[in-house]
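Residue numbering restarts at 1 for every chain, and letters A, B, ... go by the order of the sequence lines.
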2 protein chains.
Amino acid sequence: MDKLKHFYNSHPRFHVAIDCIVFGFRNGELKLLIQQRNFEPFQGVWSLMGGFVREDEDLDDAARRVCNELTGLKDVYVRQVGAYGKVDRDPGARVVSVAYCVLIDIDRYNEQLNMINSSYWENINTLPEMFFDHKDMIADALKLLQRKISREPVGFNLLPPLFTLTQLQTLHEAILGERIDKRNFRKRVGEMAFIEKTDQIDKTGSRKGAYLYRFNNKEYRRNPDFKL
Amino acid sequence: MDKLKHFYNSHPRFHVAIDCIVFGFRNGELKLLIQQRNFEPFQGVWSLMGGFVREDEDLDDAARRVCNELTGLKDVYVRQVGAYGKVDRDPGARVVSVAYCVLIDIDRYNEQLNMINSSYWENINTLPEMFFDHKDMIADALKLLQRKISREPVGFNLLPPLFTLTQLQTLHEAILGERIDKRNFRKRVGEMAFIEKTDQIDKTGSRKGAYLYRFNNKEYRRNPDFKL
DNA sequence: TCAAAAGTGTTAAGTTTACACCCATGA
DNA sequence: TCATGGGTGTAAACTTAACACTTTTGA
């Protein structure tokens, strides 16, 4: 067994960090929660929300914890994007970061956290310069999201429990970066029984008002045919 | 600066390993290169080909090095699958593994390495029980490969420089796990100028002989429309 | 009364699938 | 001469894309 210990000890050890690409959707815009570093070096530089993995924590659990610490939210959609391990990607020490794509309903986010964390929501198309490889992580997370949004019901994690079809369509447009035909989009939504029309109407978006819809996950699991 | 050091030191450090899912293709079968552990604990258990990341090495470079050590090959297709970080996934120490999907032309592999590494090529459908989460890594690597094979010219990395259309089709079938219509497949190949017919004929696969084709990467970059 | 967003079907174009026979060769 | 894999085209089914007007209501 000592031989075993020696075997492991002969190899280096690195810090392992989590970086969260936290997506939100508001006013037809896809936004990211980013943070200003409040310590040297690179104080003031914008970066993703992150934290270190603990000794007794699975990677995925660490991602959920870090995400919870930064947003105050639990039961949030969290998926791994990948590992980033350039030698000098962190100025202070060798750090391997595992990036996670996080989708939240921005209405549930407590804006006061922005004071505490020196963070804010920035439109994904107008991000400032960012720390080392964080732009790469964001690009990869966005690609992941673009790939998933049309094949799995992940978009609903970015919307409130009740949403209009215009909101849903605008969300898809913001993620895919292209316009979608309204009638074709609604035709496809209509074919999916798990996107349920309620009898409630949202009047904030127009004078006429629009029906509110709901994602029914039980119904989705019964018949998971998703294509948008 | 000391404050900075202290900041990093207050967080734990882990071993970071590379695990290679090495794919090969021979006799119409998709195969994986797997290895029998030659040290305790779990001596004799089958595992992926792996190694530890060094202090002065990017993750991707480590993957290429490990892959080179195990196959003797350079300039090989290597793509990250993801990071695997369950607390107890390695019995000896906390190890975070980054899995890499590796595609090689099995003809270039020196079979004598199998003696040295206690490794062998096993059909992907008849793998033995494997070390901890290695089956998960394999499943994820295969999904990645399935996703890519129809949209990018990655399959050619698994074939010799000259190949018949039947070989190419059988490769796709093995990766996707389903039969493909011969005429439809060849129609699509015919539309892609970068899959070039040579005037050479392979007689090993049939009495009649089949034309050999070649992937032209320059031509592909000129007009990268891939859809198989 | 008018501006602004909601809602609603049809047709053409393009893509995908299904399908069967002849050919060339070596044994 | 025959068994084996190589090579070839067409038509139907399905999917996707393009397109414009009416409705409701608050200001």
Exercise for the section: Report the distance from atom CG of B/Leu212 to atom P of D/dG7, rounded to the nearest whole Å. Expected result: 9 Å
Handout entry: 5' precedence on DNA chain C between B/Gly209 and A/Tyr213 (nearest-nucleotide basis)
Key = A/Tyr213
Exercise for the section: State, without any angle test, whether A/Asp19 and A/Ser97 hold a side-chain donor-acceptor pair at a distance under 3.5 Å. Expected result: yes
Practice task
Return the value, rounded to whole Å, for the distance between atom OH of B/Tyr211 and atom P of D/dG7.
Solution key: 8 Å
Practice task
Rounded off to whole Å, could you give me the CD1-to-P distance for the A/Ile201 and D/dT24 pair?
Solution key: 11 Å
Handout entry: Side-chain-base donor-acceptor pair under 3.5 Å for B/Lys208 and C/dA24
Key = no
Problem - A/Arg222 with A/Glu219: basic N within carboxylate O range, under 4.0 Å - result: yes
Completion exercise
Of A/Lys203 and A/Asn184, the one whose nearest nucleotide on DNA chain D sits closer to the 5' end is A/Asn184
Practice task
Taking only the side-chain heavy atoms of A/Asp181 (C-beta and beyond), determine which of D/dG26, D/dC19, D/dG6 contains the nearest atom.
Solution key: D/dC19
Problem - B/Gln146 side chain vs B/Ile175 backbone, donor-acceptor pair below 3.5 Å - result: yes
Exercise for the section: Ignoring backbone atoms, establish whether A/Arg186 has a side-chain N or O less than 4.0 Å from OP1 or OP2 of C/dG7. Expected result: yes
Practice task
Starting from P on C/dA20, measure out to CZ on B/Arg183 and report it in whole angstrom.
Solution key: 8 Å
Exercise for the section: Measure from CD on B/Glu178 to C1' on C/dT17 and round the result to the nearest Å. Expected result: 13 Å
Practice task
Classify the angle between the aromatic ring planes of B/Phe194 and B/Phe226 as parallel (below 30°), tilted (30 to 60°) or perpendicular (above 60°).
Solution key: parallel
Exercise for the section: Determine the interplanar angle of the A/Phe163 and A/Phe156 rings, folded into 0 to 90°, and report it as parallel if under 30°, tilted if 30 to 60°, perpendicular if over 60°. Expected result: tilted
Fill in the blank from the handout: Closest heavy-atom pair, B/Val95 versus B/Arg89, reported as atoms and distance to 0.1 Å, is O-NH1, 3.1 Å
Completion exercise
Side-chain atoms of A/Arg207 come closest, of D/dA27, D/dA20, D/dG9, to D/dA27
Problem - Donor-acceptor side-chain pairing of B/Tyr84 and B/Asp140 below 3.5 angstrom - result: yes
Exercise for the section: Using whole Å, report how far CZ of A/Phe185 lies from C1' of C/dT8. Expected result: 16 Å
Problem - B/Lys187 (side chain) and C/dT17 (base): donor-acceptor pair under 3.5 Å - result: yes
Fill in the blank from the handout: Whole-Å distance, A/Glu191 CD to C/dG9 C1', equals 13 Å
Handout entry: N or O in side chain of A/Lys227 less than 4.0 angstrom from D/dT16 OP1/OP2
Key = yes
Practice task
Please report, rounded to the nearest Å, how far the C1' atom of D/dT15 is from the CG atom of A/Leu228.
Solution key: 15 Å
Fill in the blank from the handout: Within residues 161-172 of chain B, those residues having any heavy atom closer than 4.0 Å to DNA chain D are B/Thr166
Exercise for the section: Indicate, with a heavy-atom threshold strictly under 4.0 Å, whether B/Lys182 touches base, sugar-phosphate, or nothing. Expected result: base
